[in-house]
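In what follows, a single structure is set out as structure tokens and then discussed.
The chains referred to below are lettered A, B, ... by the order of the sequence lines, with proteins before strands, and numbering in each begins at 1. Only heavy atoms go into these numbers, but all of them, side chains included; no hydrogens, no water, no symmetry mates. This one's a predicted model, so the numbers in the text were calculated from it and none came from an experiment.
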2 protein chains.
Amino acid sequence: MAEPRTVLIVSDHTGLTAESIARALLTHFPQQSLKYLRRPFTADVVAAQSVAREVIALAARGERPIVFTTVTNAEVMRELQAAPAAVFDLLGPGLDALEQEFATPAVRQVGGHHDMHDPQDYLNRMDALDFALATDDGLGDRQYGLADVILVGVSRAGKTPTSLFLALQHGVRASNYPLAEDDFERGSLPIPLEAHRAKLHGLTIDPRRLHAIRTQRKPGSRYASIEQCEFEVRRAEKLFQRAGLPVRDTTSASVEEIAAGILNTQRKG
Amino acid sequence: MAEPRTVLIVSDHTGLTAESIARALLTHFPQQSLKYLRRPFTADVVAAQSVAREVIALAARGERPIVFTTVTNAEVMRELQAAPAAVFDLLGPGLDALEQEFATPAVRQVGGHHDMHDPQDYLNRMDALDFALATDDGLGDRQYGLADVILVGVSRAGKTPTSLFLALQHGVRASNYPLAEDDFERGSLPIPLEAHRAKLHGLTIDPRRLHAIRTQRKPGSRYASIEQCEFEVRRAEKLFQRAGLPVRDTTSASVEEIAAGILNTQRKG
């Protein structure tokens with residue numbers, strides 16, 4: 001077996017964009033064995049030379065590393081491009097093309113869009129996060145009137161991670177409503193939700209997956225039993241259907257996918 | 001004043017990568033007035049035609065929209081490229097170059113790296129999130145032994161958002177320790193932290209900013225007073241210094257920046 005090939009993610013800032021692009025590209029080559037090294041805050045020539053030395057050391061062992069970089073400073077880029085690696089300049093060609101399109105030069109400053117260059121946008125995200133935490137499961141007053149989105153589902157169906165992701169990534173205020181036995185007895189939408197239909201999104205999950213998740217939390221409990229999980233999921237799905245809610249299955253969907261789906265439904269709604 | 005120009009973010013999946021690249025590029029053109037539309041899950045020709053119709057409608061009003069897209073299906077891309085817009089194919093050139101580098105064709109399947117193609121990686125992130133929530137402020141047993149990182153700071157210095165981001169984005173288990181009056185009286189590291197020095201990161205903040213944040217929460221309280229904020233921050237910084245902890249100022253840093261900085265320090269440490 002060959003050693004995994006080294007992928008260096010080199011950014012002048014957090015590296016989140018660079019890593020996102022690198023992974024988006026490399027996911028199309030699933031047969032490659034790769035090892036990731038993150039080199040954020042590579043913002044000057046000295047830092048770039050340090051990365052170049054790492055590349056040289058790897059190359060000395062017979063490897064040809066891959067460098068994905070979003071740096072925009074020309075001198076820093078030159079240092080990277082001089083290193084014995086396959087270097088992918090992820091933003092350069094796009095910036096050149098946009099300069100043409102806008103007929104104006106790119107600023108090419110260090111730093112990126114993950115700083116607070118839009119403070120209002122950032123404050124919205126932090127407010128949304130506070131909101132999600134304050135209105136999470138079982139904390140009484142959920143302030144549904146202030147929510148952008150209300151997630152409805154049984155315990156451990158994915159409401160909390162989705163709310164937190166909606167807040168942190170999208171600045172969306174998500175509250176949630178945990179369905180419990182008395183809601184199933186009623187057979188229609190819980191009363192606190194009735195006034196907020198347009199914001200409601202049902203989350204469902206495969207009962208076996210729910211059983212596994214709950215068992216990790218409370219092994220051997222009635223709460224975690226497969227019978228209870230099947231009962232709750234069946235009733236929840238019936239309720240969603242009767243109320244005409246959009247529903248997402250979280251069994252094999254990531255929070256990124258669930259959140260994007262909810263926002264897309266909301267937009268079309 | 002001209003109308004803002006429309007930027008369409010078109011993805012066959014969540015659109016997170018496409019939006020990340022688009023914003024990374026456009027942040028270098030701060031003088032442009034732009035309006036973003038997200039079009040995730042544009043995975044087939046029908047969906048692409050619907051986006052193309054939106055472009056045509058905008059063009060009919062005299063606008064030349066900008067399309068940033070990460071779709072990799074050739075037919076879907078053709079539909080987008082036929083629309084009257086400046087179309088930026090964000091992954092195509094990189095995929096072509098990687099095909100050369102790896103001497104193997106790209107899979108070019110729909111979907112991206114934000115699904116659960118690496119279930120273990122995803123489960124780690126969800127476990128880290130559960131951990132961060134369970135060990136957050138004031139919940140007693142903080143299980144510092146199981147943490148990857150422990151954030152230390154006064155109330156509302158940014159510990160909770162940073163922990164949640166470290167978990168959701170990086171799969172890192174972050175716990176935290178809120179500094180309080182009796183810790184300042186001791187003048188050295190709180191006892192529960194002594195065994196975990198290598199994991200500790202101090203968070204500090206401008207006292208005026210802290211005052212503003214706390215005032216939003218508890219207006220007029222001693223807790224929110226500028227005197228109390230100044231006192232706590234001064235003492236916390238002294239404690240960090242004496243204990244030799246790496247310190248980050250959260251006053252004007254985003255959670256993305258704080259998290260990237262912590263992980264970078266951790267790596268070098």
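Heavy atoms only, all atoms of each residue included: A:Phe41 and B:Glu257 are closest at CZ-O, 4.0 Å. Minimum heavy-atom separation, A:Glu256 to B:Tyr122: OE1-CE1, 4.3 Å. Between A:Asp130 and B:Arg156, the shortest heavy-atom contact is OD2-NH2, 2.9 Å. Pairing each heavy atom of B:Pro105 with each of A:Gln31, the nearest pair is O-NE2, 4.3 Å. The shortest heavy-atom contact between A:Phe88 and B:Ala97 is CE2-CB, 3.5 Å.
The CG atom of A:Asp127 sits 6.0 Å away from the CD atom of B:Gln216 when rounded to the nearest 0.5 Å. Note: A:Leu16 CG to B:Leu16 CG = 11.5 Å, rounded to the nearest 0.5 Å.
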Open item on the list: Walk me through whether A:Phe165 and B:Leu129 qualify under side chain to side chain contact (heavy atoms under 4.5 Å, CB included).
Closed with: CA-CA 11 Å; A:Phe165 187 80; B:Leu129 185 61; over 6 Å; no
- [ ] Kindly determine whether A:Leu37 and B:Arg267 satisfy side chain to side chain contact (heavy atoms under 4.5 Å, CB included), including the steps that lead there.
- [x] CA-CA 10 Å; A:Leu37 297 181; B:Arg267 164 175 83 82; over 6 Å; no
Open item on the list: Does B:Arg23 form a side chain to side chain contact (heavy atoms under 4.5 Å, CB included) with A:Thr17? I'd like the steps, not just the answer.
Closed with: CA-CA 9 Å; B:Arg23 289 190 184 268; A:Thr17 301; over 6 Å; no
Task: From CA spacing to verdict: side chain to side chain contact (heavy atoms under 4.5 Å, CB included), B:Ile21, A:Thr70 - done: CA-CA 10 Å; B:Ile21 310 174; A:Thr70 50; over 6 Å; no
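Of the two parts of B:Leu90, neither the backbone nor the side chain holds a non-hydrogen atom closer than 4.5 Å to a non-hydrogen atom of chain A. With a 4.5 angstrom heavy-atom cutoff, B:Glu101 touches chain A via backbone and side-chain atoms both. Only the side chain of B:Leu123 has a heavy atom closer than 4.5 Å to any heavy atom of chain A. Residue contact with chain A, scored on non-hydrogen atoms closer than 4.5 Å, is absent for B:Pro119. Only the backbone of B:Ala253 comes within contact range of chain A, with at least one heavy atom under 4.5 Å from a heavy atom of that chain. Residue contact with chain A, scored on non-hydrogen atoms closer than 4.5 Å, is absent for B:Ser11. In this structure, the portion of A:Gln32 lying under 4.5 Å from any heavy atom of chain B is its side chain and not its backbone.
Top candidate by heavy-atom pairs under 4.5 Å with chain A, chosen from B:Ile66, B:Leu26, B:Leu263, B:Asn264, is B:Asn264. Chain A forms more heavy-atom pairs under 4.5 Å with one residue of B:Ala86, B:Pro93, B:Ala106 than with any other, namely B:Ala106. Ranking B:Leu95, B:Val107, B:Leu164, B:Leu98 against chain A, the residue ahead of the rest is B:Leu98, based on heavy-atom pairs under 4.5 Å.
Remark: A:Asp89 pairs with no residue by the side-chain hydrogen bond (donor to acceptor under 3.5 Å, both in side chains) rule, at least two apart or across chains.
Within the 3.5 Å criterion, the main-chain N or O of A:Arg108 finds a donor-acceptor partner in the side chain of B:His28.
Note on residues 165-174 of chain A: no pairs pass side chain to side chain donor-acceptor pair (under 3.5 Å), not counting sequence neighbours.
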